[in-house]
Amino acid sequence: MNKKLDLLLVNSFAPRHRIASDAALENGLAVIRTYLEDRGFSVYVADEQRISLVESGVPGWCRQFLRRLVQWQLKCYNSRFKALAVIAMLLAWPLQSLTLYYRKKHMDKMIDNLTALVKTDRISLVGIKVWGGTPYTWSVKLAQKVREINPETTVIAGGPHVKVYGENVLAHGEFDLAVMGPGEELLEILLKLRQTAANKAAFLEQVRRQFGPSPLIRTGHYSEQGDYLFHSFTVPRYRAVDMQDKVWFHTLVDGLGCTWNQCSFCSHTRQKIHYTARPVEEIKAEIEAMVSRGIAFFRFSSSETPIGHGRAIARMILAANLKINYSLFARPANVTEQIYESYRLMIRSGLRAVFLGGETGHDLINDKIMNKGVTKKNIIDTIQCIKLAAAKEGLSCQTVLSLIYPCPVVPGVFLEDVFRENISLIQEANPDAVIVNPPGVFPGTAWFDKKEELGFKLGENFLDELMNYEYSIYKPVEFWRHLNYELNELDMRGLMREMARLNKAVTDLGIPVNISDDYLMMSQAIGYSSKADLFEFKRISFVDIISGTCNFIQEITGKMNYCSRLLAAANFPAAAGRPERTATKPGVGDLPQQVKA
């Protein structure tokens with residue numbers, strides 16, 4: 001790294017994994033780096049969100065002692081001696097606090113290392129991919145420290161948190177600019193402007209003249225024009241260090257947006273254009289580039305892959321004789337023979353998991369409250385259609401059903417009615433996994449605009465609290481940090497208890513909860529196909545997540561990555577051999593000295 005860095009890109013991270021697939025390949029920052037390096041800029045990506053790095057900074061004795069306590073706690077909870085689980089949890093709390101203290105010290109050290117790099121290399125632009133909760137809080141601290149150490153550095157926020165919260169991310173001035181939408185083309189323009197500006201103030205004035213007075217710059221489908229500052233897709237070049245200690249699935253942009261784009265609760269409605277399909281030939285080129293690196297698992301990223309586009313992609317995969325597995329988001333539909341045949345084709349081409357947003361089994365609520373545009377029958381029929389198509393092909397394709405509960409209601413409908421209809425929906429559809437989401441109230445949505453009418457009461461600082469909120473899954477909900485919002489007289493703790501009631505009812509039906517489509521896709525490759533397998537996966541991975549360790553997640557990821565390499569090698573039969581099992585520990589060979597932790 002002899003050339004001076006033009007841009008530092010940072011992936012924000014949490015003290016602990018939230019789900020098993022947190023450490024997936026970081027495609028977004030790799031895309032930006034690839035695009036800008038092709039245009040002569042020097043870019044470094046700092047990414048601490050890796051499988052084993054969740055343990056960094058915590059002494060081994062502390063991690064392992066906590067892990068044993070958590071194992072005992074869960075064993076007691078699932079036995080006749082539930083009272084012992086409370087004792088185990090109380091004993092674990094001091095250790096939980098201690099491990100989090102060590103983790104936060106490590107996260108602060110990363111801030112010090114990154115700011116030292118900024119100062120030493122006089123980096124003019126720093127971009128942070130901001131995630132919600134603790135990663136947002138950490139991003140704010142990083143931005144503040146960068147601006148303190150080197151006031152001439154411009155700090156830019158981007159990523160999922162900006163797409164959800166928009167201008168609210170800029171409310172307290174920790175970030176100079178924020179980007180809502182794709183950032184690669186905009187960053188090229190900003191880097192060129194910075195090269196011509198005498199200082200930061202002159203640069204920001206040029207930005208205001210070119211893009212308007214708001215420090216929030218909307219690109220792609222988030223801009224009024226729809227294609228503003230986004231004209232092409234970039235295939236990312238993953239380096240060896242990008243793939244170390246990561247879950248090897250690649251998030252592939254198959255299109256942008258959603259064909260419906262009218263759900264009342266969904267922040268994707270901030271997009272001005274509903275849906276644009278990516279050209280199939282570009283998707284083919286990206287798949288081929290990934291399998292050449294040993295990556296054969298893909299998660300299609302659009303809010304919905306329309307059946308027609310999915311069919312076209314499947315035909316391309318089969319025609320090119322590509323060997324891959326993939327998952328996608330689908331919209332429940334009025335099932336026809338064509339849809340059934342389309343799912344057969346997609347499953348034949350490698351489709352192994354489908355995420356369906358059902359939201360609720362109550363048709364009146366789905367219509368009047370969710371504005372979902374689908375019925376209970378659509379949801380059931382679509383899941384059954386996928387099951388029948390998979391059975392006909394003799395292949396596995398699993399389904400995840402996502403619900404929002406509790407939720408607002410209409411006159412004449414009670415929450416218990418919604419609960420009952422949700423259970424009926426799950427019983428009839430029989431998905432492989434269910435995800436129950438709390439009723440989020442996000443700016444830019446119809447729910448936020450009509451919050452009082454729907455029964456929501458939000459505190460004065462609700463958005464600030466929500467942007468920084470981190471769920472304490474190792475504690476009972478009664479001990480979680482209070483979030484000042486209510487829905488129809490249920491406060492946050494009441495809402496979480498009601499959500500937990502539905503989760504318990506689902507698991508009592510023999511269906512696991514909170515397992516994502518990407519992990520369903522990959523777990524099938526290593527033989528985790530039955531619901532009993534998924535319960536076992538959930539149980540053991542939960543120990544890792546609660547204790548802040550990675551024993552099981554690292555082991556299962558190693559198996560999945562091996563299967564990925566094996567499947568990818570099948571695309572090159574002349575050179576195919578059984579790939580070696582390699583460790584997934586991180587390498588730091590190409591990291592700047594300042595950020596080696």
Side-chain angles (χ1 to χ4, degrees), residues 1-13 26 28-49 106-130 135 138-159 162 169-170 172-179 183-211 215 217 237 239 241-242 588-597:
M1 297 188 61
N2 297 323
K3 182 182 175 184
K4 177 182 178 295
L5 285 172
D6 297 302
L7 173 66
L8 170 63
L9 294 173
V10 182
N11 192 21
S12 61
F13 64 105
E26 177 42 58
L29 298 183
V31 163
I32 293 173
R33 182 185 63 200
T34 301
Y35 178 91
L36 293 174
E37 285 183 341
D38 286 347
R39 286 150 183 81
F41 295 101
S42 179
V43 181
Y44 174 67
V45 172
D47 182 10
E48 182 84 355
Q49 189 65 65
H106 172 77
M107 293 171 75
D108 287 343
K109 180 182 177 184
M110 289 304 300
I111 288 175
D112 292 339
N113 293 345
L114 290 166
T115 51
L117 175 63
V118 170
K119 184 174 183 180
T120 301
D121 228 40
R122 299 191 306 279
I123 301 173
S124 58
L125 263 67
V126 172
I128 307 175
K129 184 171 185 176
V130 183
W138 182 83
S139 299
V140 167
K141 287 181 70 174
L142 173 61
Q144 290 172 328
K145 188 71 177 285
V146 166
R147 285 150 54 104
E148 174 190 327
I149 295 295
N150 196 29
E152 281 297 301
T153 297
T154 301
V155 183
I156 306 169
V162 178
V169 171
L170 295 158
H172 302 295
E174 295 99 350
F175 304 101
D176 297 296
L177 299 169
V179 182
E184 51 267 32
E185 294 183 29
L186 174 64
L187 284 169
E188 179 188 11
I189 295 171
L190 295 180
L191 284 166
K192 288 178 178 177
L193 284 177
R194 187 64 183 91
Q195 288 174 344
T196 65
N199 51 43
K200 178 178 174 179
F203 163 67
L204 291 176
E205 180 57 35
Q206 287 180 332
V207 173
R208 281 190 288 271
R209 285 200 300 266
Q210 183 156 344
F211 300 107
I217 304 174
R237 288 190 297 271
R239 297 172 179 169
V241 71
D242 298 328
V588 293
D590 63 348
L591 302 188
Q593 186 64 37
Q594 295 94 325
V595 296
K596 291 181 183 178

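From a predicted model like this one, the values you see are computed outputs, not experimental measurements.
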Using 0.5 Å steps for rounding, measure from the CG atom of D176 to the OG1 atom of T153.
9.0 Å
So NZ of K192 and CD of Q206: to nearest 0.5 Å the spacing works out to 14.0 Å
Taking the side chain as C-beta and beyond, is there a heavy-atom pair between T154 and L204 under 4.5 Å?
yes
For residues L29 and K129, report the shortest heavy-atom separation together with the two atoms involved.
CD2-CB, 4.1 Å
Please assess L5 against V118 for the test side-chain contact (heavy atoms from CB on, under 4.5 Å), listing each intermediate value before the final yes or no.
CA-CA 9 Å; L5 285 172; V118 170; over 6 Å; no
Only one of E184, E188, E185 passes side-chain hydrogen bond (donor to acceptor under 3.5 Å, both in side chains) with Y35; say which it is.
E188
Verify, without hydrogens or angle tests, whether E26 (side chain) and G28 (backbone) share a donor-acceptor contact under 3.5 angstrom.
yes
Give a yes or no answer on whether the side chain of T196 reaches the backbone of L193 with a donor-acceptor pair at less than 3.5 Å.
yes
Between I217 and V207, is any pair of side-chain heavy atoms under 4.5 Å apart?
yes
Please identify which of these residues, T115, D108, N150, D112, meets the side-chain hydrogen bond (donor to acceptor under 3.5 Å, both in side chains) condition with K145.
D112
Between D121 (side chain) and I123 (backbone), is there a donor-acceptor pair under 3.5 Å?
no
Would F13 and M110 count as a side-chain contact (heavy atoms from CB on, under 4.5 Å) here? Give the steps.
CA-CA 11 Å; F13 64 105; M110 289 304 300; 4.2 Å; yes
Minimum heavy-atom distance between R194 and E152, given as atom pair plus value:
NH2-OE1, 3.4 Å
Please walk me through it: do N11 and V45 pass side-chain contact (heavy atoms from CB on, under 4.5 Å)?
CA-CA 8 Å; N11 192 21; V45 172; 5.8 Å; no
Looking only at heavy atoms, the pair that brings L191 and D6 closest together is CD2-O, 3.6 Å
side-chain contact (heavy atoms from CB on, under 4.5 Å), that's the test. Do L187 and I32 meet it? Break it down for me.
CA-CA 8 Å; L187 284 169; I32 293 173; 3.6 Å; yes
Value rounded to 0.5 Å, distance of NE2 in H106 from CD1 in I111
11.0 Å
Just verifying a value: how many Å separate K4 NZ and S124 OG, rounded to the nearest 0.5 Å?
5.5 Å
Check: I156 and V179 side chains under 4.5 Å, non-hydrogen atoms:
yes
Any chance you could measure L7, atom CG, to L9, atom CG, to the nearest 0.5 Å?
4.0 Å
What pairs with F175 under ring pair (Phe, Tyr, Trp, His ring centres under 6.0 Å), at least two apart in sequence or on another chain?
none
Are the side chain of W138 and the backbone N or O of M107 linked by a donor-acceptor pair below 3.5 Å?
yes
Least distance between heavy atoms, P151 atom then K200 atom
O-CD, 3.1 Å
Counting C-beta onward and ignoring hydrogens, is there a side-chain heavy-atom pair between V155 and I128 closer than 4.5 Å?
yes
Which residues satisfy the side chain to side chain contact (heavy atoms under 4.5 Å, CB included) test with R237, sequence neighbours excluded?
T34, E37, D38
State whether K141 and E148 are salt-bridged, where the test is any N-O pair (Lys NZ or Arg NE/NH1/NH2 against Asp/Glu carboxylate O) under 4.0 Å.
no
Under 3.5 Å, side chain of D242 to main-chain N/O of R239, donor-acceptor pair present?
yes
Side-chain contact test, heavy atoms from C-beta onward, threshold under 4.5 Å: evaluate it for Q195 versus F203 and give yes or no.
no
Is it possible for you to check whether R208 lies under 6.0 Å from the centre of the six-membered ring of F211, through NZ or CZ, and within 45° of that ring's axis?
no
For residues S12 and S139, report the shortest heavy-atom separation together with the two atoms involved.
CB-OG, 3.2 Å
Closest heavy-atom pair, V10 versus V126, reported as atoms and distance to 0.1 Å, is CG2-CG1, 4.5 Å
Enter the distance from Y44:OH to L114:CG here, rounded to the nearest 0.5 Å.
8.0 Å
